[in-house]
2 protein chains.
Amino acid sequence: MEPSAFREHHPSMCRAREILDRVGDKWSLQVIALLGERTKRFTELKREIDGISQRMLTVTLRGLERDGIVTRTVYPVMPPRVDYSLTPMGATLMDAASTLVLWAETHLDEIDAARADYDARAAEIETLKTS
Amino acid sequence: MEPSAFREHHPSMCRAREILDRVGDKWSLQVIALLGERTKRFTELKREIDGISQRMLTVTLRGLERDGIVTRTVYPVMPPRVDYSLTPMGATLMDAASTLVLWAETHLDEIDAARADYDARAAEIETLKTS
DNA sequence: CAGTATCCGGCGAGATACTG
DNA sequence: CAGTATCTCGCCGGATACTG
């Protein structure tokens with residue numbers, strides 16, 4: 001894995017931020033992960049993503065569709081039925097993002113420890129001030 | 001690369017979101033990328049990151065420091081001097097994130113095309129409505 | 001079922017002013 | 001130089017109500 005893209009951060013980095021805006025928002029990653037399993041319907045996604053509102057699921061799916069990451073298939077039946085699935089590009093994005101998710105899982109404990117340590121030091125400094 | 005972490009999205013996915021909150025915010029990635037080059041000072045970072053405010057650079061660096069991703073070294077001199085650099089864990093994060101950055105650069109054109117296509121279709125539907 | 005429309009509160013982040 | 005302290009505004013996203 002060559003992090004060459006990082007070395008010259010201008011101007012590719014600012015474009016890369018657009019992608020992180022997409023995948024880094026509150027819900028996109030979870031939607032992508034679930035569609036990575038298989039094609040799903042709107043209500044199925046809503047049921048499986050804890051805490052998401054109808055509105056935000058719609059907004060998230062529209063954004064992903066616009067970027068060519070998911071496809072939206074409408075069946076003109078009653079009651080309406082809409083299927084969502086990953087595009088080929090969406091599947092490659094899922095693989096790329098999984099690297100980060102893996103990193104996160106690997107370092108969660110280390111990060112928690114670092115935070116606890118930092119907060120403890122900050123609290124100590126605070127008590128020194130008041131004394 | 002095994003995206004197994006994605007397959008069972010609960011509850012590891014919600015924890016993973018915390019990491020994406022860190023790396024996915026507006027400035028963290030650029031800071032990490034720049035510190036990947038070498039240790040740098042506050043003003044140096046501010047100069048190299050276009051558009052960042054003093055406040056947001058401070059906030060970003062504090063967050064990264066709290067999570068054990070960057071170290072902050074204060075030299076008690078006048079005028080003050082503070083060095084920032086990546087921790088070993090920060091360096092591994094940079095490698096993991098570079099996968100996503102690479103993906104972004106690879107697919108930027110494809111995404112732009114998808115957006116243009118989507119927007120064109122949306123505009124067309126809009127004109128059909130009014131006619 | 002799969003949405004859209006509307007209202008609204010909180011907070012992320014910019015601008016500005018001040019300091020050890 | 002390397003910050004902190006406020007004030008402020010925009011907009012993200014939750015809640016709710018309505019619809020083909």
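Lettering follows sequence order; numbering is per chain, from 1. Quantities reported herein were computed from a predicted structural model and do not represent experimental measurements. Every heavy atom of this structure was used, including side-chain atoms; hydrogens, water molecules and symmetry mates were not.
When all heavy atoms of A:Leu64 and A:Ser28 are compared, the pair lying nearest together is CD2-OG, 4.0 Å.
The side-chain contact (heavy atoms from CB on, under 4.5 Å) test applied to B:Arg81 returns B:Arg41, B:Tyr75, B:Val77, B:Asp83, not counting sequence neighbours. Contacts of B:Thr58 classified as side-chain contact (heavy atoms from CB on, under 4.5 Å), with partners at least two apart in sequence or in another chain: B:Phe42, B:Arg62.
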N/O donor-acceptor pairs under 3.5 Å from side chains in residues 113-121 of chain B, not counting sequence neighbours:
from     : atom 1 : to       : atom 2 : distance (Å)
B:Arg115 : NE     : A:Asp67  : OD1    : 2.5
B:Arg115 : NH2    : A:Asp67  : OD1    : 3.4
B:Arg115 : NH2    : A:Asp67  : OD2    : 3.2
B:Asp117 : OD2    : B:Arg121 : NE     : 3.1
B:Asp117 : OD2    : B:Arg121 : NH2    : 3.4
B:Asp119 : OD1    : A:Arg66  : NE     : 2.9
B:Asp119 : OD2    : A:Arg66  : NH2    : 2.8

Across nucleotides 1-16 of chain C, 5' to 3', mark each nucleotide with B, S or - according to how protein heavy atoms within less than 4.0 Å reach it. BBBS-B------BBB-
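Contact of the A:Ile111 side chain with the B:Met89 side chain is registered, since non-hydrogen atoms from C-beta on lie closer than 4.5 Å.
In summary, the side chains of A:Thr71 and A:Thr87 do not present any donor paired with an acceptor at a separation below 3.5 Å, with no hydrogens or angles considered.
Residue pairs meeting the ring-ring contact (aromatic ring centres under 6.0 Å, His included) criterion with at least one member in residues 87-106 of chain A, sequence neighbours excluded: A:Trp103-A:His107.
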Dot-bracket for DNA chain D: what is it, with Watson-Crick or G-U pairs under 3.5 Å, [ ] where a pair crosses earlier ones, and | for a pair to another strand? ||||||||||||||||||||
